[in-house]
Amino acid sequence: MKERIRYLLLLSAVFLTAAAGAQTKLNGKVIDSRTRLPIAYASISLKGSTNGSVTKEDGSFEIVTYKALPATLIVQNVGYERREVEVRELPVTIELTETSQALQEVVVIGYGTQKKSDITGSISTLPAQALKQPISSFDRALQGVVAGVQVTSVAGQPGAAVSIRIRGGNSINGSNEPLYVIDGFPVYNSNSDADAGVTTGPNINALSTLNPADIESIDILKDASATAIYGSRGANGVVIITTKKGKAGQHSFTYDGYYGVQDVVRTIPLLNAQQWALLKNDARLDSGKQPAFTQTQIDSLGQPGVGTDWQRAAFRTAPIQSHNLSFTGGDDKTRFAVSGNYFKQDGVLANTDFERYSFRINMDRTFTSKFKLGTNLTGSKTKAQVAPAGVVGNLLQMPPTVPLYDATGSYTLRSIYDTPLGNPIATLNRQLNETVSYRGFGNAYGEYQLAEGLTARISAGIDALVTKQNRYLPSTLYEGASYNGLGSIGTKFAIGWLNENTLSYRKSLGANHQLDAVVGYTQQTSTTENTVASASNFVTDAFQHNNLGAGTTLQTPSSNAFSWALQSFLGRVNYTFRNKYHFTVSARADGSSRLGKNHKWGYFPSAAFSWNVNREEFIKALPQISNLKFRVSAGVTGNQEITPYSSLAQESYYSYIIGNTLVAGYAPSGVANPDLKWESTSQYDAGIDLGLLKNRISITLDAYYKVTRDLLLNVPLPYTTGYSSALQNFGKAENKGIELSLNTVNFEGKFNWTSAFVFSANRNKVLSLGPGVTSIISDPSLARVGEALGSFYVYKTNGIFQLTDDVASLPRLSAKDKAGSQRYVDVNGDGTITQANDRVIVGNAQPKFIVGLTNTFNYKNFDLTFLFQGQYGNKVYNVNKANLELGTGYIGASTTMLDRWTPTNPSNTIHRAIEEPAIVISDRFIEDGSYLRLKNISLGYSLPSSLTSLLKVKQVRFYVSGQNLATWTNYTGYDPEVSSNGQSSLTPGVDNAVYPNSKTVLGGLTVTF
């Protein structure tokens, strides 16, 4: 018996020893707890060991270990809660639960995605609620919600473009607008994209062809580590747009629509008819002329209802509406999203508007566990009636004594007071100034898993934008009378295609090492053709632009065409060690047709490191710190946004009269520069991400320094060369600043309150403009070494000459100056006032800082959100004020002229009335452009689930919203957020008869089935 026991014990020991040394294959599958679909690329690690794996496309995994069951597996994936699962039987099915908080931590980067905790660069994500505004284009939603991003409205014209600066402007003659990447397709947006060269006034934004309601997320790449993967187009930042996709097992049909009304934010106080008549008389008397108005006429002009309020006649309460339908869904193989949109915004100026029809189809299908195809397609038509250039200026300058209608009941043709001003109301209502655009945009891709973790992707896309502009000036308008009718048609056809080929590799090397790499080759080309035809002297205005052949005088037609191409090689490696230390290295080589033959290729590297300090053992003793990460990065990016063929010698058409015969020919008009190359921007960034009190307080702070070299400048040439200038690489500029984002959860529970605050401060300086050049003047602005771009260069005023002054012995601008004239400072003390020696820099158009504060409240089924947005320290050159304070009696005038100098009113602020129509650019018209605005406020109510279940719908939400309801500013113009020179970097912040912005109140409904 003892022998048997001894034998059994020995046999058991041998069996246990063998079992301990045998391999165990921990295998199973990871699925979504709700949809029951497999989850690919989830990280699996065996607790207490270095063994680990990543799930395949079908969610399966296998880990080989010598450890016997039971074993504990740690499962993680982006967008899901982390789980520790004890395994007792094999195979095991592990369910992961999706979490909205984790989803928000997924960030789209160039050619991939990454968890926010693993990011090494400076990347911001636009909050989803920011897109829930009545906006014609998504770029307007960036204002006030993303640190380091400055958004300026070019005009209040519906559908008009905006100007965006990410961490300041780098270039002077080149562009400073960011690169947009829409579902993987790089798009550069310029104000000229949808301009065929016929209409006047604000350009329509080419990005307004994209419906904001189709967008799922917007990520803004700001530092070189994030943007260098886009190489020669990344210097101004990159905005990545991802549109909505379908989700397996989640079928929904949604209608979202709103209707509202708009009014002009404010009007400018102007003299009424009687006040203007007195000003007119004073100006004439100053010139030794007889008064224009008798006392009897002046008395009659003071009667109620006499005179014309041109602003009141032009501005209106205008409707705005949007209707959006979407259908999304899918199964384990196919996912889709289909949407359609109608948007119509009438302008607050009569007969101006913007209208859009659009549709989108996104679809992807998984054919096998290794092969997948997908496509993103959108089409749109936009149509805008644009306020003609100068019409706002005419509204302000038309004298109030000019009647709107003549004795026959027709529009008055023009002003009768020596200044050629057409009736602005007639201009708005009778002039056709129309832009129509059609855009087809989309791409298709295929993915194939070559091996575990190794995926090949090929994509091809096309972007076709067709713009047709129609303009007609009827003979009944002052502008068209001299032509006896003028009609014009312009077309612009721009088509580009893109091919990208990438290999990506994602692998967990045990529990401590994660590798994510991508290499690729891309090629992109674009061709643009433009044609303009015009005719005048029409027998009738009835056909407008539709029958140019009926015009007996043909204008010289024009046409042009150009193409550009870009080829690129790219690569990036992300490496993570122990989920604490993250390294990123990226590089891109670009070959561009736009640059000189000796510098076709440029190379743009970057490197970054981040450290998740909160995952260190020593920090766990501080439970108040829930997240702490340090980031540093450095890299080089470029800018190639110049007109194609700028590096080549060019010829232009010229015509001459020789012997009474018209002779045509060509002559050189541009000098070749085979050494023309990219502007290159070196950027250094240091940042910290801090989470406190279980991330109830989240802080992101960045400091950066950028230097742009080899600026693309139009450099003046000696006249002996035969050319006035040439585009060359000269000069250097810098930007440095800080960015702060603060997010707080103030209350949680039945009542929820969250806040988001952003702060940005950027300092720009021109470091060099090339050999022997210290400044570039473009009145009223200049670029000067040691100063910021957009600096204002003006005379400095010094009050008004008084009767007690010996004017003849004092420095003065004109020999005609006398008591009541404007005094100016003699800066160099030579006794005279001259442009060359006595102008000074008085501020610049760049704000000292920009801020935004968003608060969101939720209580039961109610939600409330409001956004305050503003900037401080920028200056605006108010050209409108300069015109309205001329005091000539030729044009309308500001109410400030009521305090003009007279012998009995010795004002030291406003000069006397004088018939001198020339504007002197001075600091009197440089105003503080600081403002704080209630940008958006929205109140919503969602029906309770008990009621929606009875109605058999998923969600019903009603909401009311207001935009631009209040603005606090000292600026005296229509709006301090203004830039009549569009996206110009040299002359920003100029307010010259810009279409005013509007305030909006609307109501909306969202229903999901």
Side-chain angles (χ1 to χ4, degrees), residues 192 194-204 350-352 383-391 393-394 398 402 404-416 418-438 466-493 528-561 652-667:
S192 63
D195 181 17
V198 167
T199 63
T200 65
N203 288 325
I204 297 303
N351 199 33
T352 61
K383 181 179 180 181
Q385 173 65 16
V386 181
V391 71
N394 285 5
M398 183 65 83
V402 177
L404 180 58
Y405 302 100
D406 62 21
T408 67
S410 300
Y411 283 123
T412 301
L413 188 64
R414 54 156 289 178
S415 170
I416 60 175
D418 306 313
T419 302
L421 295 175
N423 186 329
I425 308 303
T427 298
L428 285 169
N429 289 313
R430 289 186 174 174
Q431 182 178 151
L432 179 70
N433 197 47
E434 181 181 73
T435 296
V436 182
S437 294
Y438 300 86
V466 180
T467 297
K468 183 173 184 289
Q469 292 184 325
N470 308 309
R471 191 175 186 219
Y472 189 77
L473 305 177
S475 57
T476 54
L477 282 182
Y478 173 70
E479 299 93 324
S482 61
Y483 297 101
N484 198 26
L486 173 63
S488 301
I489 294 176
T491 59
K492 175 177 278 189
F493 176 69
T528 300
E529 299 179 2
N530 193 192
T531 305
V532 175
S534 302
S536 61
N537 199 18
F538 290 85
V539 176
T540 175
D541 293 324
F543 300 108
Q544 295 191 326
H545 65 285
N546 294 307
N547 189 5
L548 294 184
T552 58
T553 303
L554 299 180
Q555 309 290 317
T556 302
S558 65
S559 63
N560 61 64
S652 296
Y653 168 82
Y654 296 92
S655 60
Y656 302 90
I657 302 295
I658 301 178
N660 295 323
T661 302
L662 180 66
V663 179
Y666 284 85

What is the minimum heavy-atom distance between [X] and [Y], and which atoms define it?
| X | Y | answer |
| --- | --- | --- |
| I416 | V402 | N-CG2, 4.4 Å |
| S437 | T467 | OG-OG1, 3.1 Å |
| A535 | G551 | CB-CA, 4.2 Å |
| T200 | A389 | OG1-N, 3.1 Å |
| V198 | I489 | CG2-C, 3.6 Å |
| T427 | P388 | CG2-CG, 3.9 Å |

Residues which pass side chain to side chain contact (heavy atoms under 4.5 Å, CB included) with A481, listed by chain and number, not counting sequence neighbours: none
What residues, two or more places apart in sequence or in another chain, satisfy side-chain hydrogen bond (donor to acceptor under 3.5 Å, both in side chains) together with [X]?
| X | value |
| --- | --- |
| Q431 | R471 |
| S536 | Q555 |
| S652 | S669 |
| N484 | N537 |

Heavy atoms from other residues, nucleotides or ligands near OH of Y653 exceed 12 (cutoff 6.0 Å): yes
Pairing residues for K468 by the salt bridge (charged side-chain N to carboxylate O under 4.0 Å, His left out) criterion, not counting sequence neighbours: none
With sequence neighbours excluded, residues passing salt bridge (charged side-chain N to carboxylate O under 4.0 Å, His left out) with E434: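 E434 satisfies salt bridge (charged side-chain N to carboxylate O under 4.0 Å, His left out) with K383 once adjacent residues are dropped.
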Backbone N or O of [Y] within a donor-acceptor pair of the [X] side chain at under 3.5 Å?
| X | Y | result |
| --- | --- | --- |
| Q469 | G197 | yes |
| N429 | N351 | no |
| N530 | A196 | yes |
| N433 | T199 | no |

Inter-residue atom distance [X].[atom1] - [Y].[atom2], 0.5 Å rounding:
| X | Y | atom1 | atom2 | value |
| --- | --- | --- | --- | --- |
| T553 | Y483 | OG1 | OH | 11.5 Å |
| L421 | E479 | CG | CD | 9.5 Å |
| Q385 | I204 | CD | CD1 | 10.0 Å |
| E529 | N560 | CD | CG | 9.0 Å |
| L548 | L554 | CG | CG | 8.5 Å |
| L432 | Q544 | CG | CD | 5.0 Å |

Which pairs of donor and acceptor atoms, one on a side chain in residues 654-661, lie under 3.5 Å apart (sequence neighbours left out)?
residue: T661; atom: OG1; partner: G659; partner atom: O; Å: 3.3

Is there a side-chain contact between [X] and [Y] in this structure, where contact means two heavy atoms from C-beta onward sitting under 4.5 Å apart?
| X | Y | answer |
| --- | --- | --- |
| P420 | Y478 | yes |
| P202 | V386 | yes |
| L413 | N423 | no |
| V466 | T491 | no |

Pairs where residues 540-561 contributes a residue and the test salt bridge (charged side-chain N to carboxylate O under 4.0 Å, His left out) is met, not counting sequence neighbours: none
ring-ring contact (aromatic ring centres under 6.0 Å, His included) against Y411, all qualifying residues, sequence neighbours excluded: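 Partners of Y411 under the ring-ring contact (aromatic ring centres under 6.0 Å, His included) test: Y405.
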